[in-house]
Participant: 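Please read through the structure below; I'll follow up with questions.
Because the structure is a prediction, the values reported are computed rather than measured.
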There are 2 protein chains.
Amino acid sequence: MTTPGAADEPMALAAERLRTAGMRVTAPRMAVLMAVSDSGGHLDADTLRERAQRIIGRLSLQATYNVLRALTDAGLVRSTQIAGHPTRYETERHDNHHHFVCRACGSIRDVECTVGAAPCIEPRLPEEYDIREAAVTFWGLCPGCRATASAS
Amino acid sequence: MTTPGAADEPMALAAERLRTAGMRVTAPRMAVLMAVSDSGGHLDADTLRERAQRIIGRLSLQATYNVLRALTDAGLVRSTQIAGHPTRYETERHDNHHHFVCRACGSIRDVECTVGAAPCIEPRLPEEYDIREAAVTFWGLCPGCRATASAS
DNA sequence: GCTTTTTCTTGAATCGGTCAAGTATATGGA
DNA sequence: TCCATATACTTGACCGATTCAAGAAAAAGC
């Protein structure tokens with residue numbers, strides 16, 4: 001028992017990640033975290049629920065949403081909302097990458113950033129990708145709210 | 001009757017814009033188009049419905065959606081989907097601008113593009129805006145779909 | 001172990017938006 | 001000017017994604 005089976009490794013890793021993030025370690029959380037991790041990203045809540053169920057058997061959709069929210073708040077998971085699609089989840093890698101979405105098949109692909117910190121508009125994508133448009137949304141605080149926030 | 005009243009002007013203009021776009025000229029369409037035009041942008045379907053109703057009296061929400069879809073398809077209106085908000089509509093100005101959304105109050109503001117054609121990441125916003133992050137989504141065709149599209 | 005606190009389950013509800021069927025109306029031709 | 005026909009609007013049901021609420025279950029600390 002000193003060397004756990006190979007199948008236990010990812011679960012032990014998931015438990016460790018949860019513990020490090022200061023979260024309670026539960027079967028649903030480990031399962032969802034594992035599902036997000038080895039999916040390659042961009043899965044929606046319902047699909048992640050299915051994958052998680054394969055690992056631990058039963059899991060309600062509501063719990064899946066709860067877990068995803070918790071993991072996102074803890075910075076372990078990144079959620080992305082793309083117009084016309086349900087919210088997708090992927091492992092948070094803090095690499096500030098963006099997304100390419102195919103208008104025809106809906107497939108999603110990561111797009112690396114040329115610059116480090118700031119998001120860049122020159123996408124690092126193979127030439128075969130036919131980019132038609134880019135939607136850029138900046139998030140932050142408007143002058144009014146910034147003043148209110150710094151005052152408190 | 002040769003010189004229409006001042007109040008008729010925007011309506012006549014709306015009618016003209018619809019006609020130019022090859023669309024049937026109807027009261028709902030004129031009203032919604034006027035509502036979008038003089039709103040300064042970023043209103044959702046339900047709010048636009050209210051504004052349109054002030055102009056023509058009655059208008060179903062379904063019709064509002066139909067009209068907005070038609071106007072968008074015709075290139076008269078631009079729709080923007082921002083995570084966590086219902087779809088917003090604004091006059092299509094073909095200027096390829098982007099959006100700033102305040103995390104605190106949810107207000108939306110246009111962000112001009114420094115470059116002409118391509119979307120740019122260096123936002124033209126006053127310094128008082130505290131930009132925390134940017135979500136960039138590229139839309140187009142992936143290699144597979146591009147091949148299929150050009151083949152047909 | 002036992003207690004406390006957090007999390008999970010179940011089931012209802014909400015929100016933004018679409019589908020479908022029937023009625024009304026804009027437009028082009030007689 | 002009126003008619004025919006295609007298109008648009010109204011009403012009402014429906015849907016998918018997500019959240020709310022209440023009670024049962026299970027982690028973590030003592």
Participant: CD1 of A/Ile56 versus C1' of C/dC8: gap in Å, rounded?
Facilitator: 10 Å
Participant: Please determine if a side-chain N or O atom of A/Tyr65 lies less than 4.0 Å away from the OP1 or OP2 oxygen of D/dT19.
Facilitator: no
Participant: Any side-chain N or O of A/Arg58 less than 4.0 Å from the OP1 or OP2 oxygen of C/dT9?
Facilitator: no
Participant: Assuming nearest nucleotide by heavy-atom distance, tell me which of B/Gln62 and A/Arg29 is located more 5' along DNA chain C.
Facilitator: A/Arg29
Participant: A/Leu61 has an atom CG; how far is it from atom P of C/dT10, in whole Å?
Facilitator: 12 Å
Participant: C/dT27 C1' sits how many Å from B/Leu18 CG, rounded?
Facilitator: 14 Å
Participant: If you measure only the distance, is there a donor-acceptor pair under 3.5 Å linking the side chains of A/Ser37 and A/Arg17?
Facilitator: yes
Participant: Taking the side chain of A/Ser60 as its heavy atoms from C-beta onward, which of D/dT18, C/dT9, C/dC8 lies nearest to it?
Facilitator: C/dT9
Participant: Rounded to the nearest angstrom, tell me the gap between atom CE in A/Met23 and atom C1' in D/dA26.
Facilitator: 15 Å
Participant: Take atom CG of B/Leu71 and atom P of D/dA8, then tell me their distance rounded to the nearest Å.
Facilitator: 11 Å
Participant: C/dG17, D/dT11, C/dT27: which one has an atom nearest the side-chain heavy atoms of B/Val25?
Facilitator: C/dT27
Participant: Taking atom C1' of D/dA8 as reference, at what distance in whole Å does atom CE of B/Met30 sit?
Facilitator: 13 Å
Participant: Taking C-beta and beyond as the side chain, do B/His98 and A/Phe138 meet within less than 4.5 Å on heavy atoms?
Facilitator: yes
Participant: Would you classify A/Leu59 as touching base, sugar-phosphate or nothing, given that sugar-phosphate means primed atoms plus P, OP1 and OP2, and contacts are heavy atoms under 4.0 Å?
Facilitator: sugar-phosphate
Participant: Whole angstrom is fine here: how far is it from CG in A/Asn66 over to P in D/dT19?
Facilitator: 9 Å
Participant: Charged N to carboxylate O below 4.0 Å: is that the case for A/Asp44 and A/Arg49?
Facilitator: no
Participant: Would you sort out whether B/Leu43 and B/Val36 count as a side chain to side chain contact (heavy atoms under 4.5 Å, CB included), showing the intermediate values?
Facilitator: CA-CA 7 Å; B/Leu43 298 187; B/Val36 171; over 6 Å; no
Participant: I need the OH-C1' distance between A/Tyr89 and D/dT18, as an integer number of Å.
Facilitator: 9 Å
Participant: By nearest heavy atom, map B/Arg24 and B/Thr64 onto DNA chain D; which one lands nearer the 5' end?
Facilitator: B/Arg24
Participant: Looking only at the side chains, is there a donor atom on one of B/Arg109 and B/Tyr129 sitting less than 3.5 Å from an acceptor on the other?
Facilitator: yes
Participant: Think B/Arg69 has a side-chain N or O under 4.0 angstrom from the OP1 or OP2 of C/dT18?
Facilitator: yes
Participant: Would you say a side-chain N or O of B/Thr26 is under 4.0 Å from OP1 or OP2 of D/dC9?
Facilitator: yes
Participant: When you get a sec, tell me which of C/dC8, D/dT11, C/dG17 is the closest nucleotide to the side chain of A/Val67?
Facilitator: C/dC8
